[in-house]
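Please read the structure below before turning to the comments.
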Amino acid sequence: MAAAPAPAVPAAPATPPAAPAAPKPKPRGDYAMLQDAHPSGIASYDVLEDGVGVLTVAPDELFTVAAEAKAMGYRLLSVLSAYDRTDHFGVFYAFLKVADTPAQFAELRLRVVLPKAAGEPKVQSLVDLHPSADWHEREMFDMYGIQFLGHPDLRRMFLPDGWTGHPMRKDYKEPEQFVALREGEDVVVRTNEEGSW
Amino acid sequence: MDIQPQPSKVPLVPILQGMGVTLKHFFKKTVTTQYPEHKLPLADRFRGRIYLKLETCIGCTLCAQACPNGSCYMVDYDPGFDTPQNKRKKFPAVEISKCMYCSLCEEACPTDSIRMGKEYETAAYVRDFDYKPDRLSQNEHSLGRGPAQ
Amino acid sequence: MAKVDFANPRMPDGRAPTSQLMTLNMGPQHPSTHGVLRLKLLLDGEIVVDVEPVIGYLHRGSEKLAENMHWVKFIPLTDRMDYVSAMHNNHGYVLAVEKLLGGPEQNIVSERAEHIRVFAAELSRLCNHLFWMGTFMLDLGAITPLFYALRERETILGFLEELCGARLTFNYFRFGGVKYDLPDDPTYLPRIKEFLAKMPGHIAEYQKQLRQNDILVARLTGTGPLSREQALEWGITGPMLRATGVAHDLRKVAPYSVYKSLNFEVPTTTQSDCYGRLHVRWAEMVESVKILNQVVDRLANRNLEGIHLNPDYAGGKILRVKAKGEAYARIEHPKGEYGCHVIGDGKQNPSRVHVRAPSFANLQVIPLMARGQKIADLVASLGSIDIVLGDVDR
């Protein structure tokens, strides 16, 4: 019995085979230590486009993770930034080991993801750990309305206290408002329904 | 590198030394320039107010797109002569009072039609800073002012 | 820092005041606040019991503006943040976006462009420290040093004007390089060398005038103290941190650009008061001159590879830059750590740009430095932080 002749030219697959997904980067060093110490609090590890890793931390475990990072030597809160994506808010932290030589220098980045579906964004404040977080958190509250739980004095940083809305949110649409500087406290004046002052 | 500031032990001497520095400069040439009468020379790359060359502008709107604050925008304008490269007769206009002299328009221009000149004294008695293409294309001399020396 | 209770004032140790305390408003239009900073002071006679800084009078919403413009259009806006050393603001932002465009290795910038960047940035650092010294002395009531500082600064601004066409708001850095190559003028680098040769003499002249001046030493020694622990807790960076004895300089510990191949020292001191900070900045000026000498030598003698601007990001293509991803880049600004956190969606405009401003982070600490001191010393402490309100409020 003759074997069926094999086709001379193998039919090209309709679609090229999907490229194998890049292997998920594995945390190393202090990142791995933190992740092992807090398996429940740390959701994932990613590497940003600049080649530095970032740990995504659950909002209610941020303080313990940051406290441990501080104990590991990350004593300087370098940056605290927030951002608004379509479905979630994020808060971005970078801590530094203050160093005299390049060998001692290290950076640790944390990220908190706050889904918009979960209501108003709330995250633990780091003021008790890093007093310098004070103004940074106030700025992010001012711009994004993120509540930093445990902050002693969560007021607006740049805008006057009477301002409506948090302007850096992508869906910020508030009536026109302007600030009248007054003795005592500044007054915010905004338009009424008809659009007049 | 560790530096340790060391204040002086003898009082008053350092003050006299400081006075000496000042006194020494009293006999040196002045370094200041009396501005409206004398002007410092400007660098070749100095970014002054914007000029437009009507003959080469192709109306591609890249300058208006590159403007960070919207001071540069496109208008319909008839230069009074034939512009085969710009049939729709679209030319940029610049609101000079809003312009922040960043030169991004100059950089984006593919034909080098828009460029930053050397005029920096754009103050005027009449508040008319919306420079339409006719005014933009006038050079320093036709405005009655020579280029800054 | 907890809110100061002006209605029910307390002394710093928590007890009730024994005398009548006074609330005094300083600023926002006050010449020694370097802009529109407002300080609410609680005073016991002439002694500052507490301070509350109020900022936001110069808030222009740059970060929000950035979300609605092309990537490249934000570069001139960064000039307006810290207008005293605008080159560094350019550098921080451009570095962050280049990480999105070129990956962590950033191979889109040629070696020549990197040297020109360092050259421009270090000239800008000299400018910043000179202007800081002049205005700091002005705060203390000494008018003459400002003239000497501005004399050198004008020369440097002239060099920068030849380089990029502007004296303050440079808009010089681009993704993939810098806007212009060095000027064609063959005497440009020799003139800079000549200036750099004179600069240490100029710095010696300032020091001769000020270093041992009895009045100045008495005014500055012990004024605005800040311990090493406090500085770390409060996120202080830059010369303020180095004045507490930590040699933390990002050019050294986390080198960016070509700083790794340059030879310089990081000056520190353990005398962490206004006088120590003055000395740290003087020493930094000397180090900047050292760096500039090396960079100018390389630019003049060695034919550095590459062109000043990557052609992929030149001309009309500046508007076509599309970046995707998230990155944070930090540089050593003359005032401290300047960082830029950028997020892109692969569109022509950024989704988020956050600027970590050194002045903003360093200003927080002013109550710690001023408590228990005289009002005049508060002005000195404020000056020693080196703030620019455009940078604080952004």
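Because only heavy atoms are used, hydrogens play no part in the values below, and waters and symmetry mates are left out as well, while side chains stay in. Worth saying up front: this structure is predicted, and the values here are computed from it rather than measured. Below, chain A is the first sequence line, B the second, and so on; all start at residue 1.
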How long is the span from the [atom1] atom in [X] to the [atom2] atom in [Y], to the nearest 0.5 Å?
| X | Y | atom1 | atom2 | value |
| --- | --- | --- | --- | --- |
| B:D44 | C:D185 | CG | CG | 8.0 Å |
| C:M69 | B:C67 | CE | SG | 9.0 Å |
| B:T22 | C:E205 | OG1 | CD | 8.5 Å |

Using the rule side chain to side chain contact (heavy atoms under 4.5 Å, CB included), only one of C:T169, C:L77, C:N171 pairs with B:M100; which is it?
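With B:M100 as partner, side chain to side chain contact (heavy atoms under 4.5 Å, CB included) holds for just one option, C:L77.
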
Heavy atoms only, distances under 4.5 angstrom: which of B:P68, B:G48, B:G20, B:A108 has the most pairs with chain C? Name it, please.
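So the answer, after comparing B:P68, B:G48, B:G20, B:A108, is B:P68.
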
Does any backbone or side-chain atom of [X] lie under 4.5 Å from a heavy atom of chain C? Answer side chain, backbone, both or neither.
| X | value |
| --- | --- |
| B:C60 | neither |
| B:V21 | both |
| B:S103 | both |

Counting heavy atoms not belonging to [X], are there more than 12 under 6.0 Å from its [atom1]?
| X | atom1 | value |
| --- | --- | --- |
| B:K132 | NZ | yes |
| B:K53 | NZ | no |
| C:K322 | NZ | no |
| C:I143 | CD1 | no |
| B:K28 | NZ | yes |

Is C:K73 reaching over with its side chain to a backbone N or O of B:N69, donor-acceptor style, under 3.5 angstrom?
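No, C:K73 side chain to B:N69 backbone: no donor-acceptor pair under 3.5 Å.
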
Does B:R45 use its side chain to pair, donor to acceptor, with the backbone of C:L163 at less than 3.5 Å?
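Judged by distance alone, yes, a pair lies under 3.5 Å.
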
What heavy-atom pair brings [X] and [Y] nearest, and what distance separates the two atoms?
| X | Y | answer |
| --- | --- | --- |
| B:A43 | C:E162 | CB-CA, 3.6 Å |
| B:A66 | C:L319 | CA-CD2, 3.8 Å |
| C:F170 | B:R47 | O-NH1, 2.9 Å |

C:P145 portion near chain B, given a 4.5 angstrom heavy-atom threshold
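No part of C:P145 comes within 4.5 Å of chain B.
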
Indicate yes or no: at least one non-hydrogen side-chain atom of C:P76 is less than 4.5 angstrom from one of B:L104.
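Yes; the side chains approach each other to less than 4.5 Å.
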
Would a line drawn from the ring center of B:H25 to the ring center of C:Y148 be shorter than 6.0 Å?
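Yes - the distance between ring centres of B:H25 and C:Y148 falls below the 6.0 Å cut-off.
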
Heavy atoms only, distances under 4.5 angstrom: which of C:R151, C:E161, C:H70, C:R242 has the most pairs with chain B? Name it, please.
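Option with the greatest count: C:E161.
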
Which of C:R80, C:R167, C:E154, C:K317 touches chain B most, by non-hydrogen pairs under 4.5 Å
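Maximum pair count with chain B is reached by C:R80.
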
